[in-house]
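Take a look at the structure below.
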Amino acid sequence: MSDRPPFLEAEVVKKFLTCTALIPLLKTALINFSGGTGGIIQPVRTIVPVATYGGFLGVMPAYSATDDALATKVVTFYENKRPADENETPAFPSHHSTVLLFEPRNGILKAVLDGNVITDRRTAAVSALATELLKPAAAEVLCILGSGSQAHSHFEVFMERFSFKELKLWSRRREKAEQFASTVNAKVQVCATAREAVTDADVIITVTMATEPILFGEWVKPGAHVNAVGACRPDWREVDDNLMQNCVLYVDSREAALKESGDIVLSGAEIFAELGQVLKEKKLALAEKTTVFKSVGLAIEDAVSAKLVFDSWSAATTNE
Ligand SMILES: NC(=O)C1=CN([C@@H]2O[C@H](COP(=O)(O)OP(=O)(O)OC[C@H]3O[C@@H](n4cnc5c(N)ncnc54)[C@H](O)[C@@H]3O)[C@@H](O)[C@H]2O)C=CC1
Ligand SMILES: O=C([O-])C1=[NH+]CCC1
């Protein structure tokens with residue numbers, strides 16, 4: 001047998017990273033991250049700007065004693081500059097990531113995993129956890145702004161976890177939204193403007209590479225819940241000041257959000273609670289108010305996801 005650690009590619013990750021298995025792990029990890037039983041060491045990620053090319057490289061290490069998981073994700077994300085020709089598709093996906101999973105007992109590298117599926121699924125699963133707690137009681141209309149990788153993963157996870165009656169989609173390039181609508185197994189209303197998509201929505205998901213607001217408070221139905229997933233740089237925005245300042249604001253990590261989220265840093269909006277606190281103390285879930293969950297993405301989510309995939313893959317391989 002080779003000493004080389006295995007590389008678990010996207011198809012393997014897809015097979016083992018099911019929502020059913022992942023969501024309870026994320027729930028526990030987020031509670032522990034926000035003070036639960038502790039045992040989680042996770043610094044705010046290091047970001048190296050690749051300014052010449054409009055890119056960023058992020059290093060995201062985390063250790064969970066409770067989960068016995070030690071990992072680091074390396075992620076690059078590049079501003080997906082609008083091509084000069086409107087009909088041209090950007091040559092590369094905007095995000096690329098890889099997860100290194102270590103054996104906590106001795107530090108040996110156990111596996112290298114495709115990080116793209118992990119990033120897409122765990123982000124959508126965390127948004128679903130926030131939505132379960134913060135959506136209005138009768139939530140019938142879901143709106144997604146954006147049509148890239150995260151839009152797809154959020155769609156998949158939300159279709160599995162909720163039963164919305166209507167799904168509205170807006171994307172900067174209408175043909176991308178139409179392409180999305182034609183490939184998914186559900187009726188999707190493609191909207192000409194973000195405003196049209198947001199109007200009357202009970203739950204809104206922003207998953208764009210926008211650097212200026214694309215979601216405005218005056219469009220949002222009182223009591224709606226927003227998962228604000230993009231704009232992970234301190235000078236990038238997806239959501240305007242009006243919404244940020246007039247909502248009950250939840251984050252995945254207070255420390256990271258105050259450093260990385262332009263929507264928070266530039267609006268001066270006050271954070272009400274971390275998601276992990278709400279998962280632990282349900283009374284913090286003010287679902288009758290207009291709520292925003294600002295997610296920047298946590299290394300611990302990647303670590304528990306990678307361990308789940310590796311353990312499931314190892315068990316399946318041993319039994320073959
Ligand atoms: N919070 C978290 O844990 C994570 C957040 N993200 C963020 O989620 C967002 C979406 O990521 P992906 O779907 O992987 O990216 P993607 O590149 O696959 O899709 C981006 C979408 O944004 C649209 N877009 C690009 N520039 C825009 C602009 N100026 N205005 C409006 N729309 C614009 C594109 O047309 C596309 O629909 C990004 O901001 C990304 O950094 C990604 C991973 C994890
Ligand atoms: O958590 C993550 O992997 C990311 N958040 C924003 C860009 C990538």
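Just follow the structure's listing: the first ligand is 1, and inside any ligand the first atom is 1.
Considering backbone and side-chain atoms alike, His95 places an N or O below 3.5 Å from some N or O of ligand 1. Taking any N or O of Val296, backbone or side chain, at least one lies under 3.5 Å from an N or O belonging to ligand 2. Residue Ser149 has at least one nitrogen or oxygen atom sitting less than 3.5 Å from a nitrogen or oxygen atom of ligand 1, judged on distance alone. Among the atoms of His95, none of the N or O lies under 3.5 angstrom from an N or O of ligand 2. Polar contact check, Ile214 against ligand 1: no nitrogen or oxygen pair lies under 3.5 Å apart. Where the criterion is an N or O separation shorter than 3.5 Å, residue side chain and backbone included, Asp120 fails it with respect to ligand 1. Polar contact check, Asp302 against ligand 2: no nitrogen or oxygen pair lies under 3.5 Å apart. Any N or O atom pair closer than 3.5 Å counts here, and Ser147 shares at least one such pair with ligand 1.
Annotation: Asn106, atom CG; neighbour count of heavy atoms from other residues, nucleotides and ligands within 6.0 Å is above 12. Residue Lys221 places its NZ atom among more than 12 non-hydrogen atoms of other residues, nucleotides or ligands, all under 6.0 Å distant. Residue-environment remark: NZ (Lys165) stays at or below the threshold of 12 foreign heavy atoms within 6.0 Å.
Within the 4.0 Å heavy-atom shell around ligand 1 one does not find Glu301. At least one heavy atom of Arg45 lies less than 4.0 angstrom from ligand 2.
With Glu260 as reference, Arg45 is the one residue of Lys294, Arg254, Arg45 to meet the salt bridge (charged side-chain N to carboxylate O under 4.0 Å, His left out) rule.
Side-chain atoms of Pro43 and Pro61, non-hydrogen and from C-beta on, do get closer than 4.5 Å to each other.
Remark: side-chain polar atoms of Asp114 are paired, donor with acceptor, to backbone N or O of Asn116 under 3.5 angstrom. Looking only at distances, a side-chain donor or acceptor of Asp240 sits under 3.5 Å from a matching main-chain atom of Gly217. A donor-acceptor contact shorter than 3.5 Å links the side chain of Arg237 to the backbone of Val239. In this structure, the side chain of Gln42 engages the main chain of Ile300 through a donor-acceptor pair within 3.5 Å.
Of the listed options Ala210, Ala228, Gly230, Ser295, Ala210 places a heavy atom closest to atom 28 (C) of ligand 1. Looking at His96, Gln150, Glu238 and measuring to atom 11 (O) of ligand 1, the nearest heavy atom belongs to Gln150. When the heavy atoms of Thr119, Asn227, Thr123 are ranked by distance to atom 2 (C) of ligand 1, first place goes to Thr123. The closest heavy-atom contact to atom 36 (C) of ligand 1, among the options Gly148, Ala124, Ala177, comes from Gly148. Nearest to atom 23 (C) of ligand 1 by heavy-atom distance, out of Arg233, Lys294, Met209, is Met209.
With ring centers used as reference points, Phe155 lies under 6.0 Å from Phe180. Not less than 6.0 angstrom separates the ring centroid of His225 from the ring centroid of Phe293.
Those atoms of ligand 1 with a heavy atom of Gly297 less than 4.0 angstrom away are 1 (N), 2 (C), 3 (O). Within ligand 2, the atoms closer than 4.0 Å to a non-hydrogen atom of Thr119 are 3 (O), numbered from 1 in the order shown. Numbered from 1 in the order shown, with element, the atoms of ligand 1 that lie under 4.0 Å from a heavy atom of Ser94 read 15 (O), 16 (P), 17 (O). Counting the atoms of ligand 2 from 1 in the order shown, those under 4.0 Å from a heavy atom of Cys232 are 6 (C), 7 (C). Each of the atoms 37 (O) of ligand 1 lies under 4.0 Å from some heavy atom of Ser171. The contact set between ligand 1 and Ala231, taken as ligand atoms under 4.0 Å from a residue heavy atom, comprises 39 (O). Within ligand 1, counting atoms from 1 as listed, the ones closer than 4.0 Å to a heavy atom of Val296 are 1 (N), 2 (C), 3 (O).
Ring geometry, Phe77 versus Phe56: the interplanar angle falls under 30°, so the pair is classed parallel (tilted spans 30 to 60°). The aromatic rings of Tyr250 and Phe272 stand perpendicular to each other, their planes meeting at an angle above 60°, with 30° marking the opposite boundary.
Taken together through direct or relayed side-chain contacts under 4.5 Å among Ile, Leu, Val, Met, Phe, Trp and Tyr, Leu101 and Leu308 form part of one hydrophobic cluster.
Residue contacts with ligand 2 for Met60 involve side-chain atoms from C-beta outward but no N, CA, C or O (heavy atoms, distance under 4.0 Å). Under 4.0 angstrom from ligand 2, there are no non-hydrogen atoms of Arg233. Counting heavy atoms under 4.0 Å from ligand 1, residue Val126 does not touch it at all. By the criterion of a heavy-atom distance under 4.0 Å, neither the backbone nor the side chain of Thr123 is placed next to ligand 2.
Comment: Glu103 engages Lys110 in a salt bridge, judged by a side-chain N to carboxylate O separation of less than 4.0 angstrom.
Closest to atom 3 (O) of ligand 2 among all protein heavy atoms lies Lys73 NZ, 2.6 Å. The nearest heavy-atom contact from the protein to atom 1 (O) of ligand 2 is Arg122 NH2, 2.8 Å.
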Working for salt bridge (Lys or Arg N to Asp or Glu O under 4.0 Å), residues Glu178 and Arg174: CA-CA 6 Å; Glu178 278 165 357; Arg174 188 182 173 104; 2.8 Å; yes

